[in-house]
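Residue numbering restarts at 1 for every chain, and letters A, B, ... go by the order of the sequence lines.
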2 protein chains.
Amino acid sequence: MLNQKGTTNLFEIIAETNRRNIIDLLRTRPRSVGELVERSQLSQPGVSKHLRILREAGLVTISKDSQKHIYHLRAEPLVEIDNWLEPYRRFWSNKLDALEQFLDEEE
Amino acid sequence: MLNQKGTTNLFEIIAETNRRNIIDLLRTRPRSVGELVERSQLSQPGVSKHLRILREAGLVTISKDSQKHIYHLRAEPLVEIDNWLEPYRRFWSNKLDALEQFLDEEE
DNA sequence: AGGTTATATTACCATACGGTTATATAATGT
DNA sequence: ACATTATATAACCGTATGGTAATATAACCT
């Protein structure tokens, strides 16, 4: 999770299946920890552990409804993944016309 | 690397920094193992180990130039990452007009 | 206050991962 | 055939990861 410099790597964070599941669940709507536990294969501490990692990565935020902690998706950091992917899209995209391909290859 | 079903998870494969480096290096052009070793912080066996993983994931192919093994990028599998990312783009993209946003939210 | 509900943290464990050194394999050249 | 070059595999190791059970913390309710 942490590299030598002590910085988190977003790629590793989304590499974990259960974490992607949580992210996907929160895309529908904000949910309490309990809801996430119900919809996962994990124990409550297991879910809480992943939520902590997601929180520290800035991928979720918390609001509170009495005892319940409601987790909200904050997808913005994922733009980092999107940016990395950018130069690879032309390898599979068939939507690019010849001119666009040409311009891409000029860089 | 392998989940319960014995299938590889592409997200985990690209989570590793050295592997992303290799992929990025191969985007420029096909390269021999030796070239990749020069341009990485890894030993030759270290590079070969990652190349095996990339090969088994279908992200690289090999051609041979006498003793040299030339690795070529095959980016197509990355479309899986791109697809996962798809529904999250609207969270940071400011290119979407109001109608498009509305349609997205209808689903 | 005492009990219940909801979540977070701690302590622990088994396993997987990434790295290295040493060795095997294979093609080239003399 | 033998040495050299290039790469792959094997064996091994320390550490990080993800999971759980047990416990702590906190808010609610009567």
To the nearest angstrom, how far is [X] atom [atom1] from [N] atom [atom2]?
{"X": "A:K68", "N": "C:dA8", "atom1": "NZ", "atom2": "C1'", "answer": "17 Å"}
{"X": "B:N18", "N": "C:dG19", "atom1": "CG", "atom2": "C1'", "answer": "10 Å"}
{"X": "B:E56", "N": "D:dT9", "atom1": "CD", "atom2": "P", "answer": "9 Å"}
{"X": "A:N9", "N": "D:dA16", "atom1": "CG", "atom2": "P", "answer": "15 Å"}
{"X": "B:H50", "N": "C:dG18", "atom1": "NE2", "atom2": "C1'", "answer": "6 Å"}
{"X": "A:E12", "N": "D:dA16", "atom1": "CD", "atom2": "C1'", "answer": "10 Å"}
{"X": "B:I13", "N": "C:dG18", "atom1": "CD1", "atom2": "C1'", "answer": "14 Å"}
{"X": "A:L42", "N": "C:dT7", "atom1": "CG", "atom2": "P", "answer": "15 Å"}

Item to check | A:K49, nearest nucleotide to its side chain (from D:dG19, C:dT7, C:dT9) | outcome: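 So the nucleotide nearest the side chain must be D:dG19.
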Next on the checklist: Nearest to the side chain of B:S43, heavy atoms from C-beta on, is which of C:dT9, C:dG19, C:dT20?
Outcome noted: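 So the nucleotide nearest the side chain must be C:dT20.
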Could you tell me whether the phosphate oxygens of [N], OP1 or OP2, come under 4.0 Å of any side-chain nitrogen or oxygen in [X]?
{"X": "A:Y71", "N": "C:dA8", "result": "yes"}
{"X": "A:H69", "N": "C:dA8", "result": "yes"}
{"X": "B:R52", "N": "D:dT9", "result": "yes"}
{"X": "B:R19", "N": "C:dG18", "result": "yes"}

Next on the checklist: Taking the ring centre of each residue, are A:Y88 and A:W92 less than 6.0 Å apart?
Outcome noted: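 Here the rings of A:W92 and A:Y88 have centres that are no less than 6.0 Å from each other.
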Are the charged groups of [X] and [Y] less than 4.0 angstrom apart, N to O?
{"X": "A:R29", "Y": "A:E35", "value": "yes"}
{"X": "A:R20", "Y": "A:E16", "value": "no"}
{"X": "A:D24", "Y": "A:R39", "value": "no"}

Checklist entry - If you measure from CG on A:D82 to CG on B:L85, what distance do you get to the nearest 0.5 Å? => result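 Spacing of CG (A:D82) from CG (B:L85) equals 4.5 Å.
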Checklist entry - Going from CZ on B:R74 to OG1 on B:T61, what distance comes out if it is rounded to the nearest 0.5 angstrom? => result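 Rounded to the nearest 0.5 Å, the CZ-OG1 separation comes to 8.0 Å.
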Checklist entry - Any side-chain donor paired with an acceptor under 3.5 Å for A:S63 and A:H72? => result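 Yes, A:H72 and A:S63 have a side-chain donor paired with an acceptor closer than 3.5 Å.
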Checklist entry - Does B:R19 use its side chain to pair, donor to acceptor, with the backbone of B:I13 at less than 3.5 Å? => result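 Yes.
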Next on the checklist: Main chain of B:H50, side chain of B:N18: is a donor-acceptor contact present, judged purely on distance under 3.5 Å?
Outcome noted: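 Between the backbone of B:H50 and the side chain of B:N18 there is no qualifying donor-acceptor contact (under 3.5 Å).
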Checklist entry - Could you write nucleotides 23-30 of chain C as a row of B, S and -, 5' to 3', where a protein heavy atom under 4.0 Å of any base atom gives B, of only sugar-phosphate atoms gives S, and otherwise -? => result ----SS--
Checklist entry - Contacts to DNA chain D from residues 21-37 of chain A, heavy-atom cutoff under 4.0 Å, which residues? => result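 Nucleic-acid contacts, sorted: none.
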